[in-house]
Structure formats: C-alpha cells, structure tokens
> 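This structure is in structure tokens; I'll ask about it shortly.
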2 protein chains.
Amino acid sequence: MLSFTEENYLKALHNISEAEGVDLVGTNRLAAALQVKPATANDMLKKLKEKSYVAYEKYGKIKLTDAGAQYAVAIIRKHRLWETFLYQKLEFSWDEVHEVAEQLEHIQSEKLIDKLDKFLAYPAFDPHGDPIPNQKGAIKVRFKTTLLDVAAGASCRMVAVKDNSKLFLQYVANLGLGLNAIIKVVAKQDYDASTQIEVAGKQTSVSEKFASNIFVICNTCKVGQPCPGLRCQV
Amino acid sequence: MLSFTEENYLKALHNISEAEGVDLVGTNRLAAALQVKPATANDMLKKLKEKSYVAYEKYGKIKLTDAGAQYAVAIIRKHRLWETFLYQKLEFSWDEVHEVAEQLEHIQSEKLIDKLDKFLAYPAFDPHGDPIPNQKGAIKVRFKTTLLDVAAGASCRMVAVKDNSKLFLQYVANLGLGLNAIIKVVAKQDYDASTQIEVAGKQTSVSEKFASNIFVICNTCKVGQPCPGLRCQV
DNA sequence: TATCTATGTTTGACTACCCTAACAAATAAC
DNA sequence: GTTATTTGTTAGGGTAGTCAAACATAGATA
C-alpha cells in the first residue's frame, strides 16, 4: 500500500508517458508535473525503484514497471469513476470534478470502487471523454483525432478534451461546446493556423492550441470501425 | 485547513467528550483512542492549542474551543453522510461503512458534502442511528435510552447502537436485530444482569454489556415528545 | 504527612517529504 | 572536439508526525 504522495508520482509518470511518449519522461519533467523540485522527484524515484514500481538507470529515462503501470491505471480508474459520479449524480460541472477527484482517487477500498462502478452502471467514459479502465485495468480504445485534422467543409463530433484544466474547460463550455457536440469546420487560416468553426448555428474562430486540445471523430464514425473521412483510425 | 492527522485529533476529542464526559479527557485517554503514545498526543495538543482549537492548561484536562467543536462536528457530519451513502447507495453492510468513512471524512470540499447531503435527501440519521449534523452543525436530538432501562414485560424499538465496532455490529445483525427492530423484554436476570429478549418471535439472552450498547425508545414514543413508559426523556 | 502510583511532559531521535545549493553527466552549439 | 547549456544527482537542512526514555506533577494510599 503506497502513500498518497507515492501514488501521485506513479500517476504523473503514467500521464506523462501517455501524453508525451514513454521515452521522454525525465526528472525535471516529472518534478514540474508534480510541482516539486527535481531533487525531490529524484529522491522519490529512488524509493519507487527500490519498491520495483519504476525502472531507470542513473541519468537515464524513467519508465514504470508492469506493477507500477498497473497501480497507476487503478488510480486513474478511481479518478475517472469519481469524476463521473460527481458529474452525473452530484451536479458538478465538468470543470469542477477534477480537483475533488484528485482527493477521492486515493481512498483505499476495492469494494468501494467496484460498487461505485456498478452504481454508475459501468460507464466507459468520464465527463471529459476519457476512457475508464475496468476492474482488470483494460481500457476501451476509441478512434479519435483532434480538431486540427478536420478539413475545411467537413463536420465532426466532439468526443473528448486533451487539456483538463479549469480554464480550458470553462472556455470550451462558454463556446457552447461539450461532449457529442457537432462541429462544422468552416475554414482554416494558413496565416495563424486558426480554425473557423460552426457550433449549433453559431460561428467562432479558435486558435491552433485550442483545436489541438479537442478530440473528435467524424460524424459517420462508429466505434471499432476505421473512419473513411478523417484519419480517425490513426 | 487542518491536516488529516489534526482532524483526527479533533474528532477523537469530540467523541471522547461526548461518550465519557467533557471533564474526563486526558492525554492518555486521547492517545489510546488514536493509537499513538501519550508523548505524541501531547505534541499535537500543543499545536492545536496554538491554533486555538483546544484549550487546556499544563497537567489540566482538555477541552475543545468553540472553533474546535465546530470543526469536529463538520467532520462528523461528513463521516455520517458518507456512511449513509455507502449503506444506502453502494450496498455496504452497516459493519463495513465505518472504516471507509474514516477515509472519506477528510475530503475537502464544501460543495461535495452539501451536494451529497442533497443527493441523499438530507438524512437525519446514519446507518447506526446516529444523528447527522446539518450544514450549520445543528443536530437533531432524539429521546432515547438503552435496552438496560427497559423493564421486563415491556416492548421497545431499537433506534441506534452505542458501539460501532465491526464485532458488535455483526453480532447484532446475527441476532436478527437492526434499526427499528421491535424488541420485547421477556425477563431480566438479577444474577448476571443479563436480559432475555424476543425479536421477531425468537428468544435470546443478551449480556449487560450488550444491552448497554443498544439504544431504544418505547414503542409509542414520538420524536420530540417525552415518553410515558420508559425514561426516554432523560 | 510521606510515599507510591497515575498521569502528563520533555528530550532526543527517526522517517517521509520537501527544499536550496553545489556538483556531475549528457547534450547541443560552435 | 571543446565549450556552453540543459538535465540529473548529491549533500545538507527543514517540518510534520511518530516513538522511547527520562522526568515532573497530581492524586491516592498508607
């Protein structure tokens, strides 16, 4: 049974590997993610290596062991189930769920999380569109790409966000966007890489950064099938 | 915002004062309740005194300040609401809820607990019959006495337990007892102070210790009204 | 009252987690 | 291929919470 802090290190390692590639995780990057100094992260890495949750050589890159990855996925499962609970049952908005789930994810009780899963009717995705691992740690993979990949004239459906920060989520909601929103790409500007979109009849322009954080599938896409229009199958 | 540990000290102080009288709380008693050594408890008491949550003189007895009592009640509110959630929504048995609630009670989010309260339809009592403080810390007091006070021949209704330990709760459940069970006192033995009871047509004998941990009201008792038969109004 | 026992307090030490500052290795720039 | 920069590591130190052991006080016993 790991401490609250140790769990956060494992989760951060998992998140960074997933978002930025397994071979890019270093002490500094990890420390930044956890808002601690590199020296601190280094100490903890030694401890987690000692406990066989991470594998790394001095001055080398950091990887989770199988045990470490398994532990991390279990925490992510808890996090996303709690987010779903807060959103679906307790009327939290999608930008509020994250910080409370950061606390709830550390509660130790197998039974609790499995019963919660059942209570929520085994949801596959959390309020941000992220997949919820099942009891065994298996994740339902969904073909998706970002709004950047959608060609002008095409239309797509929003299925997730990449950035879970309050600021971004509130911005997204203010534009009338949300999961399953239908987005039509009106035009793309080569000048600043911005994208003109139309949502529920209203047009807006969004930046490249914004578009890169919106995950979409094309309108005709079905889960498990390669998509003809976009490159959803990538 | 207090730490996890500090919160546990406040809660323990509150529980002991309530169960054993305000003027009986000493360093040793507190340390025993928290399963730490007196030296440790003493250190923490200094810290909590510094922060004005407890008031005590050297070698004197320990009391919570108003702020301390308020904080403690807020934790108890959270604990009991979580217990109710686990019991009512997640199919936990009444002997399982306590240990998970011990963790959940430390989650920091006003909104979470108030929404949970709403979700549970503002319950007044937890699965053990203990009253749940409302948002302002007010507790609904209920006239009750213990099974020891019920005279032979009389009948009563169980409304709470004093002991929340797994062992006791499982024992109670195994006898077919539970909240709102109707208990008829068949006889009382002067020899060993045991009590013969009848529950749902079945007779058993319970010890003095057992009977002292079962809270009851008489069958005709209504909340808010003094009871004619038993000494419920005490 | 004098002593014995309970209870409460202080001291010094340990672990977990964090820091700053100094240093070492790897990588990039020239 | 040497230097400069980035990245990672070590050393030493701080706080929170814990302990054992020594000590002090209060209350009970004789």
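None of these values were measured; they are calculated from a predicted model.
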> Do A:F4 and B:F4 make the cut of ring centroids closer than 6.0 angstrom?
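No: the rings miss the under 6.0 Å criterion.
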> Reckon A:Y9 touches a base, only the sugar-phosphate, or nothing at all at heavy-atom distances under 4.0 Å?
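If one applies the 4.0 Å heavy-atom cut-off, A:Y9 turns out to touch the sugar-phosphate alone, with no base involved.
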> D:dG13 P sits how many Å from A:D43 CG, rounded?
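Checked: the CG to P distance equals 15 Å.
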> By side chain to side chain donor-acceptor pair (under 3.5 Å), which residues pair with A:K37, not counting sequence neighbours?
none
> Taking side chain to side chain contact (heavy atoms under 4.5 Å, CB included) as the test, write out the residues that go with B:V73, two or more places apart.
B:H14, B:P133
> C:dA16 C1' sits how many Å from A:E7 CD, rounded?
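So the CD-C1' distance, A:E7 to C:dA16, works out to 15 Å.
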> Whole-Å distance between D:dT10 P and A:M44 CE?
16 Å
> Is the charged tip of A:R142 near the ring of A:F215: under 6.0 Å from the six-membered ring centre and within 45° of its axis?
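Judged by the rule (NZ or CZ under 6.0 Å from the ring centre, within 45° of its axis), A:R142 is not positioned above A:F215.
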> For the atom pair CD1 (B:I132) and CH2 (B:W82), what is the distance rounded to the nearest 0.5 Å?
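One gets 12.5 Å once the value is rounded to the nearest 0.5 Å.
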> Please tell me which of the listed nucleotides, D:dT18, D:dA20, C:dC18, lies nearest to the side chain of B:T40?
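My answer, after comparing the listed nucleotides, is D:dT18.
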> What string of B, S and - do you get for nucleotides 3-8 of chain C, 5' to 3', when a contact is any protein heavy atom under 4.0 Å?
----SS
> Hey, could you give me the NZ/CZ distance between B:K89 and B:F119, rounded to the nearest 0.5 Å?
4.5 Å
> Mind telling me whether D:dA4 is syn or anti, cutoff 90° either side of 0?
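It is anti.
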